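Report on one structure; see the data block that follows.
Everything numeric here is computed off the predicted structure, so don't read it as measured data.
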Amino acid sequence: MLSLRGLLTSLACIGFVTGVAAAPPSGKAGTCSELRLFKEWRDLSKENQQGYIQAVLCLMKLPPQDKSRPDPKSRFEEFQATHIYLTDRVHSVGHFLPWHRHLGTLYANALRDECGYKGPIAFWDWSRDADNRAVPLKNSPIFDPVSGFGGDGVPGTYTLPPDPVGDSALFPWTFRGCVGDGPFKDIKVHLGPGKLLTEHCIVRGIDESWRRTALTPNVQRVLESKTYEDFRLIIDEFMNPIHGGGHGIVGGEMLNIYSAAADPIFYLHHANLDRIWWKWQEADPAKRLYQISGPTTQRGTDQITLDFVLDFPALGPNITVRDTMDSRSAPECFVYDY
């Protein structure tokens, strides 16, 4: 069995980089007709919680839009497929945060435009659960079977398939079992785990050992980063990574770097990670709003710039890193509740 230390190493996988000062923005940012609000899941009204879940279920029923890709079987799986296909290009690189920010925007757009959800988009502030040490993480409102996304995996209900090539980054002990209750209990996905193509349930394995990564002091330590380079490295650091920690709390397929987006909680977790980056930017916008650094490829030496192009196959047009940096400008057009 791979140790937790080995797992953290695999999740981090950070190559050699050098610090780069923020490049001055150029060009005119797009104007937003309105700013979408992101709110924490438990702060949504019951009506909006149910509306959000119904919109996710709607995406899971809609057919894929790109008929040239045979693997995704639904619009929801198109988002997961794009993440799988681009995983090695958008993790442990300078544009990890910008790319995932815009992925979240495209997902929110689909919930609204394709499935009629009109309420605030949700994030999951895992620190509110982690800080309450008297309550097990499995009792978080995010896992509620009625007003949330259902709970833990049921032991004995899922068998991990073989990985003949060995390139799917599968950690068997995290795949406890199929989600046993809630709105996604009977959902079948067709991509994953990892790079495999199998029909299977949504698999979880809620894990208390990751609580420490989500504690408020650990998040505050991230927010004290002096530069974007410090920030992007510390979220995936070796011992207390807030990025990997959110995935680890949910466990199961959420802890797979490729196919994690099989679980709809993926988008609430990444929205919270983006919120923390947003807060860091907001603390000193003159210096931080357009500050970017890091390699363009894993372990590469070419440095990212604001003009680096990000692609989102089957989801939306190419944009630049610059386009993502200010959440109040198009195409992002959102703010966080806190």
Side-chain angles (χ1 to χ4, degrees), residues 8-30 79-106 165 167-169 194-195 222-223 225-238 241-244 247 256-261 270 273-274 276-278 280-281 284-327 329-332:
L8 290 170
T9 302
S10 176
L11 285 172
C13 192
I14 296 170
F16 172 77
V17 297
T18 56
V20 179
S26 62
K28 186 176 180 180
F79 283 86
Q80 183 197 10
T82 293
H83 186 269
I84 292 171
Y85 299 158
L86 271 60
T87 289
D88 294 330
R89 290 170 44 199
V90 299
H91 291 79
S92 301
V93 289
H95 49 287
F96 166 77
L97 288 164
W99 190 88
H100 282 82
R101 169 173 285 180
H102 193 60
L103 178 71
T105 292
L106 293 171
V165 181
D167 64 349
S168 287
K195 297 180 181 180
V222 173
L223 288 168
S225 301
K226 300 301 183 183
T227 65
Y228 176 86
E229 186 69 4
D230 292 340
F231 186 97
R232 75 167 193 90
L233 292 176
I234 200 172
I235 62 173
D236 273 324
E237 69 171 353
F238 188 66
I242 63 170
H243 170 218
H247 284 278
N256 183 269
I257 192 171
Y258 294 102
S259 61
H270 267 277
L273 189 65
D274 184 75
I276 294 167
W277 179 34
W278 180 84
W280 182 84
Q281 290 180 300
D284 191 354
K287 293 182 179 179
R288 296 178 177 179
L289 192 59
Y290 286 93
Q291 191 175 143
I292 194 73
S293 63
T296 59
T297 58
Q298 292 179 358
R299 302 180 183 86
T301 56
D302 290 343
Q303 291 293 296
I304 197 78
T305 70
L306 291 171
D307 296 319
F308 185 83
V309 175
L310 308 173
D311 60 328
F312 299 86
L315 304 181
N318 294 356
I319 62 172
T320 65
V321 167
R322 184 191 316 277
D323 295 327
T324 72
M325 300 298 284
D326 184 356
S327 77
S329 297
E332 305 308 330

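Closest approach of F231 to S225, counting heavy atoms only: CA-OG, 3.5 Å. Of all heavy-atom pairs spanning E229 and S293, the tightest one is OE1-OG, 2.5 Å. Taking all atoms of both residues into account, the shortest heavy-atom contact from P98 to T324 is CB-OG1, 3.2 Å. Nearest heavy atom pair, residue T320 against residue L306, reads CB-O, 3.6 Å. Pairing each heavy atom of W280 with each of T227, the nearest pair is CZ2-C, 3.4 Å. Contact between H102 and P331 at its shortest, heavy atoms only, is CE1-CG, 3.7 Å.
Annotation: the span from S92 atom OG to L233 atom CG amounts to 9.5 Å, rounded to 0.5 Å. With rounding to the nearest 0.5 angstrom, the CG atom of L315 is 10.0 Å from the CG atom of D311. To the nearest 0.5 Å, atoms OH (Y258) and CD1 (I84) are separated by 10.5 Å. Within the model, atoms OG1 of T82 and CG of L103 stand 8.0 Å from one another, a figure rounded to the nearest 0.5 Å.
With hydrogens and angles ignored, the 3.5 Å screen pairs a side-chain donor or acceptor of Q303 with a backbone N or O of G294. A donor-acceptor distance shorter than 3.5 angstrom exists from the side chain of N256 to the backbone of A169, with no hydrogens or angles considered. With hydrogens and angles ignored, the 3.5 Å screen pairs a side-chain donor or acceptor of Q281 with a backbone N or O of L289. Panel note: side chain Q298, backbone V90; no donor-acceptor pair is recorded below 3.5 Å. With hydrogens and angles ignored, the 3.5 Å screen pairs no side-chain donor or acceptor of W277 with any backbone N or O of R232.
For H100, the ring pair (Phe, Tyr, Trp, His ring centres under 6.0 Å) criterion is met by H83, H91, F96, H270, not counting sequence neighbours.
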For the pair L223 and I276, evaluate side-chain contact (heavy atoms from CB on, under 4.5 Å) and give the outcome as yes or no after the intermediate values. CA-CA 7 Å; L223 288 168; I276 294 167; 3.8 Å; yes
Go through the steps for D307 and R322 under the test side-chain contact (heavy atoms from CB on, under 4.5 Å), then give the verdict. CA-CA 6 Å; D307 296 319; R322 184 191 316 277; 2.5 Å; yes
Test side-chain contact (heavy atoms from CB on, under 4.5 Å) applied to F312 and N318, step by step: CA-CA 6 Å; F312 299 86; N318 294 356; 5.8 Å; no
Working for side-chain contact (heavy atoms from CB on, under 4.5 Å), residues R101 and W278: CA-CA 10 Å; R101 169 173 285 180; W278 180 84; 3.9 Å; yes
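The shortest side-chain heavy-atom distance between D274 and L97 does not fall under the 4.5 Å cut-off. Counting only heavy atoms from C-beta outward, the side chains of I292 and F308 never approach each other to under 4.5 Å. In this structure the side chain of V93 never reaches within 4.5 angstrom of the side chain of I304, judged on heavy atoms. Taking 4.5 Å as the limit, some side-chain heavy atom of D326 sits within range of a side-chain heavy atom of Y290.
Evaluated for a side chain to side chain contact (heavy atoms under 4.5 Å, CB included) with Y228, the options K287, Q291, R288 yield exactly one hit, Q291.
Between T105 and E332, the side chains place a donor N or O and an acceptor N or O closer than 3.5 Å (distance only, hydrogens not considered).
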